[in-house]
Chemist: 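Right, I'll just put the structure down here and ask away after.
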2 protein chains.
Amino acid sequence: MNGQDYWLPQPDLDGIDVGTVLQALADPVRLQIVRALDAAGESTCTALDVPVKASTVSHHMRSLRESGVVSTRLVGNARPSRLRRDDLERRFPGLLASILSATPPSRDGGDSPAGGPDPKPAL
Amino acid sequence: MNGQDYWLPQPDLDGIDVGTVLQALADPVRLQIVRALDAAGESTCTALDVPVKASTVSHHMRSLRESGVVSTRLVGNARPSRLRRDDLERRFPGLLASILSATPPSRDGGDSPAGGPDPKPAL
DNA sequence: ATACATGTTCGACGAGTATCGTAAGAGCGG
DNA sequence: CCGCTCTTACGATACTCGTCGAACATGTAT
């Protein structure tokens, strides 16, 4: 009814640290959550299709919020979250875009054998 | 000295995974190494000013190499490494730049995004 | 060749954290 | 009112990984 939204506490724009953001984005599940939020625009914990339990999703969402990656809105009983696109773009121009555009959701066999034989020392 | 360089094995351009790169960059020490390499252009393990032992630096350098962030050259007994700028820029345009330009080594407290003494990426 | 320097590898230890199950709080609908 | 759903908080467990010391390999200098 009214346009007034309540939000969960989140770091200020200048309080967003690149190291913290990288740590938040380093986890595969959290990165998957970020990609899902990018596609959906906004989503709640239970609506996300991730291979972990709801309590774990909530835990990850908290990490993402405290690191400054997402904003969480308080609407009734639900807590829909969304990416802080503008803030991240202002703080780290091009970072989120390059991450999201890279390797779109490909879930089939695609784990890079970092320890395996590397056939091409190019350059 | 000869013009022929030998390199340690490293992943192919298409084999670089954004998640793996983010994991590599998530560690504070590794991020510090990356910033040092950005400033120096090329450096060996012992020449880097990082608060960990040499064996740990070697360990981190291996992670960075296997994730596709750095290239390591074989010259005599030394192993100078450098950032794979071109490859990373081609694979994830804007990613490395946004990370490196954000919050330079804040050793003197606070971040000075502009007007730094020598933000000079030579190479 | 011997000695030294530079890097790497290995085993071990400890801190951090990802995951789960359960319980509790808060709003919505019957 | 009572139940149902969504979400978070807490405790417990297991695992990843960052760190170190020591040993080893390799190339350089004396």
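Quantities reported herein were computed from a predicted structural model and do not represent experimental measurements.
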Chemist: Please identify each residue that fulfils side chain to side chain contact (heavy atoms under 4.5 Å, CB included) with A:E66, with sequence neighbours left out.
Modeler: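 Testing A:E66 for side chain to side chain contact (heavy atoms under 4.5 Å, CB included), a comparison that skips the adjacent residues, returns A:R62.
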
Chemist: Is the closest side-chain heavy-atom distance between B:R91 and B:V21 below 4.5 Å?
Modeler: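 A side-chain contact is absent here, since even the closest heavy-atom pair is not under 4.5 Å.
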
Chemist: Heavy atoms within less than 4.0 Å of DNA chain D: which residues of residues 37-47 of chain A have one? Give them sorted by number.
Modeler: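 A:T44, A:C45, A:T46, in order of number.
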
Chemist: Using the test side chain to side chain donor-acceptor pair (under 3.5 Å), find all partners of A:R85 that sit at least two apart in sequence or belong to another chain.
Modeler: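 Expected list: A:D38.
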
Chemist: So which of residues 51-66 of chain A are in contact with DNA chain C, with a heavy-atom cut-off of under 4.0 Å?
Modeler: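 Per residue number, the list reads A:V52, A:K53, A:S55, A:T56, A:H59, A:H60.
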
Chemist: Which residues pass the side chain to side chain donor-acceptor pair (under 3.5 Å) test with A:N77, sequence neighbours left out?
Modeler: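 With sequence neighbours excluded, A:N77 shows a side chain to side chain donor-acceptor pair (under 3.5 Å) to no residue whatsoever.
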
Chemist: Does one hydrophobic cluster hold both B:Y6 and B:L8, with members joined at side-chain heavy-atom distances below 4.5 Å?
Modeler: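 In one cluster with B:Y6: B:L8, yes.
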
Chemist: Please identify each residue that fulfils side chain to side chain contact (heavy atoms under 4.5 Å, CB included) with B:A26, with sequence neighbours left out.
Modeler: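 Side chain to side chain contact (heavy atoms under 4.5 Å, CB included) check on B:A26 returns A:Q23, A:A26.
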
Chemist: Under 3.5 Å for both distances, Watson-Crick or G-U wobble, that's the pair rule; now give the dot-bracket for DNA chain D, with | marking pairs to another strand and [ ] for crossing ones.
Modeler: ||||||||||||||||||||||||||||||

Chemist: Using chain B heavy atoms and a threshold of under 4.0 Å, write down where along DNA chain C the contacts begin and end, 5' to 3'.
Modeler: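 The contact span of chain B on DNA chain C goes from C:dA5 to C:dT9.
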
Chemist: Kindly determine whether B:L95 and B:L88 satisfy side-chain contact (heavy atoms from CB on, under 4.5 Å), including the steps that lead there.
Modeler: CA-CA 8 Å; B:L95 182 116; B:L88 289 174; 5.9 Å; no

Chemist: Atom pairs under 3.5 Å, N or O on each side, protein against nucleotides 27-30 of chain D: can you list them with distances?
Modeler:
none

Chemist: Holding to side chain to side chain donor-acceptor pair (under 3.5 Å), I want the full list of residues that pass it with B:E89, two or more places apart in sequence or in another chain.
Modeler: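 B:E89 satisfies side chain to side chain donor-acceptor pair (under 3.5 Å) with no other residue.
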
Chemist: Could you tell me which non-hydrogen atom of A:S58 sits nearest to which non-hydrogen atom of A:C45, and how far apart they are?
Modeler: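 Scanning both residues, the minimum pair turns out to be CA-SG, 4.0 Å.
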
Chemist: With A:S67, which residues qualify under side chain to side chain contact (heavy atoms under 4.5 Å, CB included), at least two apart?
Modeler: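 Side chain to side chain contact (heavy atoms under 4.5 Å, CB included) list for A:S67, sorted by chain: A:T20, A:A24, A:V69.
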
Chemist: Considering residues at least two apart in sequence or located in another chain, which fulfil the side chain to side chain donor-acceptor pair (under 3.5 Å) criterion with A:D87?
Modeler: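 If we apply the side chain to side chain donor-acceptor pair (under 3.5 Å) test to A:D87, skipping adjacent residues, the hits are A:R84.
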
Chemist: Any side-chain heavy atom of A:V52 sitting closer than 4.5 Å to one from A:H59?
Modeler: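 No, every pair of side-chain atoms sits at 4.5 Å or beyond.
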
Chemist: Is there side-chain contact between A:L83 and A:L100, with at least one heavy-atom pair below 4.5 Å?
Modeler: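 They are in contact (side-chain heavy atoms under 4.5 Å apart), so the answer is yes.
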
Chemist: In whole angstroms, how far is the P atom of D:dC17 from the CG atom of A:D27?
Modeler: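 Going from A:D27 (CG) to D:dC17 (P), I get 10 Å.
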
Chemist: Could you give me the CA-CA distance, side-chain angles and deciding distance for A:T72 and A:L64, then say whether side-chain contact (heavy atoms from CB on, under 4.5 Å) is met?
Modeler: CA-CA 10 Å; A:T72 301; A:L64 290 172; over 6 Å; no

Chemist: Among B:Q10, B:R65, B:R82, B:E42, exactly one meets side chain to side chain donor-acceptor pair (under 3.5 Å) together with B:S71. Which residue is that?
Modeler: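 So the option named by the test is B:Q10.
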
